[in-house]
Amino acid sequence: MNIGALNLKQIPKHVACIMDGNGRWATRRNLPRIDGHAAGEDALLDTVYGALDIGISWLTVYAFSTENWKRPVDEVKFLMNFNEGILTRHRDELNEKKVRIRFAGRSDWRVPKRLQKHIDDSSELTKNNKKLTLTIAFNYGGRAEIVDAVKQIVDSKISSNKINDKLISKYLYYPDMPDPDLMIRTSGEFRISNFLLWELAYTELVFMDVLWPDFRRDHLYEAISLFQKRSRRFGNIGES
Ligand code: IPE
Ligand code: IPE
Ligand code: MG
């Protein structure tokens, strides 16, 4: 699928992506799983540039879940260094392209201090950029996000009759982030795996067989063309 097949007037404002299948990509090539994560770097960059080219203004990618700590310690360690490497290798070019980098997730003593510093520095460096907000969900869990919101609401002593959808959204990690219009999961798995549980309520879901390291902007455009054929009703009866 190339860009020409898309209706450029109906580009989703916010695309979210579960970058899955790195381990299987490597295993199929008799490589260690970490080589699959490393190969995902080109996929991520091509997706970001592909998103910029068609005017997507919010892109959220799932890089490490609150459950991924269960993985072998060497793989977790690799992922921490790898995410630091992605920031140091690409933040200047992303900044030049007016990408605002943000991180969504829990701060955690297990996140190495050096990575945390790069996270903070990259967010600070790019905070005024307006073209695309790239949110990296890192040590992110949808349930953790809701739990953290509930804690803050209780600590603020807000009375129960003031609690509604809008108020809860205000206590999520980024209240200014619109809900995703489209969520893509690669690798052929049909599940959400604790990604953006609150925000995905009315998101269109596209599941693709491609493994993340093989994903390129054309896959993004293919998912968007499927999105453009969907009829979003939000509980209403839709147009006749
Ligand atoms: C996704 O790929 C990357 C992370 C979860 C960090 P996986 O590592 O889950 O790859 P598979 O699903 O095992 O193939
Ligand atoms: C979801 O993938 C997390 C990321 C892509 C970062 P997982 O591979 O961890 O999900 P499960 O274990 O297959 O549900
Ligand atoms: Mg996986």
Side-chain angles (χ1 to χ4, degrees), residues 14-48 51 58-90 101-108 110-112 115-116 118-119 122 134-148 172-174 177 180 182-200 203 205-216 219-220 223:
H14 183 182
V15 176
C17 196
I18 302 180
M19 310 185 285
D20 195 24
N22 298 350
R24 277 163 284 171
W25 184 92
T27 305
R28 282 180 197 175
R29 288 166 173 73
N30 287 318
L31 297 168
R33 289 179 54 85
I34 54 173
D35 289 12
H37 298 309
E41 181 167 346
D42 288 348
L44 176 61
L45 268 291
D46 201 59
T47 304
V48 173
W58 298 78
L59 177 68
T60 300
V61 295
Y62 205 5
F64 192 85
S65 76
T66 45
E67 286 69 41
N68 287 147
W69 296 106
K70 294 176 192 161
R71 295 187 175 205
V73 59
D74 285 352
E75 183 170 341
V76 169
K77 217 171 153 186
F78 176 87
L79 285 167
M80 297 296 143
N81 287 329
F82 175 62
N83 277 285
E84 184 184 331
I86 292 206
L87 288 179
T88 51
R89 282 189 289 280
H90 301 292
I101 305 171
R102 279 181 173 180
F103 279 78
R106 265 194 182 155
S107 26
D108 194 305
R110 292 171 293 185
V111 175
L115 168 58
Q116 190 58 54
H118 285 301
I119 288 176
S122 309
L134 171 65
T135 305
I136 302 177
F138 189 84
N139 194 25
Y140 174 87
R143 288 185 175 177
E145 182 176 26
I146 295 168
V147 168
D148 291 350
L172 298 178
Y173 294 144
Y174 288 108
M177 182 178 87
L182 166 64
M183 196 286 292
I184 303 165
R185 183 176 188 144
T186 60
S187 90
E189 306 290 359
F190 296 101
R191 55 177 174 266
I192 302 298
S193 302
N194 203 11
F195 190 40
L196 302 174
L197 295 182
W198 179 274
E199 297 87 338
L200 291 178
T203 300
L205 308 179
V206 170
F207 297 93
M208 304 180 90
D209 277 334
V210 57
L211 301 173
W212 179 254
D214 293 326
F215 193 90
R216 291 292 180 274
H219 297 97
L220 171 69

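Counting convention: from 1, in listed order, for ligands and their atoms alike.
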Does R29 make a cation-pi contact with W25, if we ask for NZ or CZ under 6.0 Å from the ring centre and within 45° of the axis?
yes
Name the closest protein heavy atom to atom 6 (C) of ligand 1, giving the residue it belongs to and the distance to 0.1 Å.
A63 O, 3.4 Å
Please determine if R106 and E145 form a salt bridge, counting it only when a charged side-chain N lies under 4.0 Å from a carboxylate O.
no
Should S187 be listed as contacting ligand 1, given a heavy-atom distance under 4.0 Å as the test?
no
Which N, O or S atom of D20 lies nearest to the Mg ion (ligand 3), by name
OD1
Under 4.0 Å from one or more heavy atoms of F64, ligand 2 contributes atoms 6 (C)
Under 2.8 Å from the Mg ion (ligand 3), can any N, O or S atom of E189 be found?
no
G40 to ligand 1, any heavy atom closer than 4.0 Å:
no
Does the pair Y173 and D148 meet the rule for a side-chain hydrogen bond (donor to acceptor under 3.5 Å, both in side chains), with working shown?
CA-CA 9 Å; Y173 294 144; D148 291 350; 2.8 Å; yes
Say whether Y62, considering both its backbone and side-chain N or O atoms, lies within less than 3.5 Å of an N or O atom on ligand 2.
no
With backbone taken as N, CA, C and O and side chain as the heavy atoms from C-beta onward, which portion of R191 lies under 4.0 Å from ligand 2: side chain, backbone, both, or neither?
side chain
for atom 1 (C) of ligand 1, nearest protein heavy atom and its distance come out as M19 O, 3.0 Å
Atom pair CG/CZ of D42 and F215 - distance to nearest 0.5 Å
14.0 Å
With no hydrogens and no angle check, just 3.5 Å: does a side-chain donor-acceptor pair link H14 and E199?
no
Do S187 and R24 get their side chains close enough for a donor-acceptor pair, meaning under 3.5 Å?
yes
Looking only at distances, please establish whether an N/O atom of ligand 1 is found under 3.5 Å from an N/O atom of W25.
no
Looking at V206, V15, I18, which one forms a side chain to side chain contact (heavy atoms under 4.5 Å, CB included) with M183?
I18
With respect to G23, determine whether any N or O atom, backbone or side chain, lies less than 3.5 Å from an N or O atom of ligand 1.
yes
What's the shortest distance from atom 3 (C) of ligand 1 to any protein heavy atom, and which residue and atom give it?
N22 ND2, 3.5 Å
Checking contacts here: is it the side chain or the backbone of N68 that comes within 4.0 Å of ligand 1, counting heavy atoms only? Could be both or neither.
side chain
Backbone of L31 reached by a side-chain donor or acceptor of D35 within 3.5 Å
no
Is atom 12 (O) of ligand 2 near the protein, in the sense that some protein heavy atom lies at less than 4.0 Å from it?
no
Do me a favour and list the nearest non-hydrogen protein atom to atom 14 (O) of ligand 2 with residue, atom name and distance?
S193 OG, 2.6 Å
Just to be sure I'm reading this right: ignoring hydrogens, which of R185, R71, E189, H37 gets closest to atom 10 (O) of ligand 2? Compare them by their nearest heavy atoms.
R185
CZ of F138 to CE of M80: how many Å apart, nearest 0.5 Å?
4.0 Å
Nearest heavy-atom pair of M19 and T186: which atoms, and what distance?
C-OG1, 3.9 Å
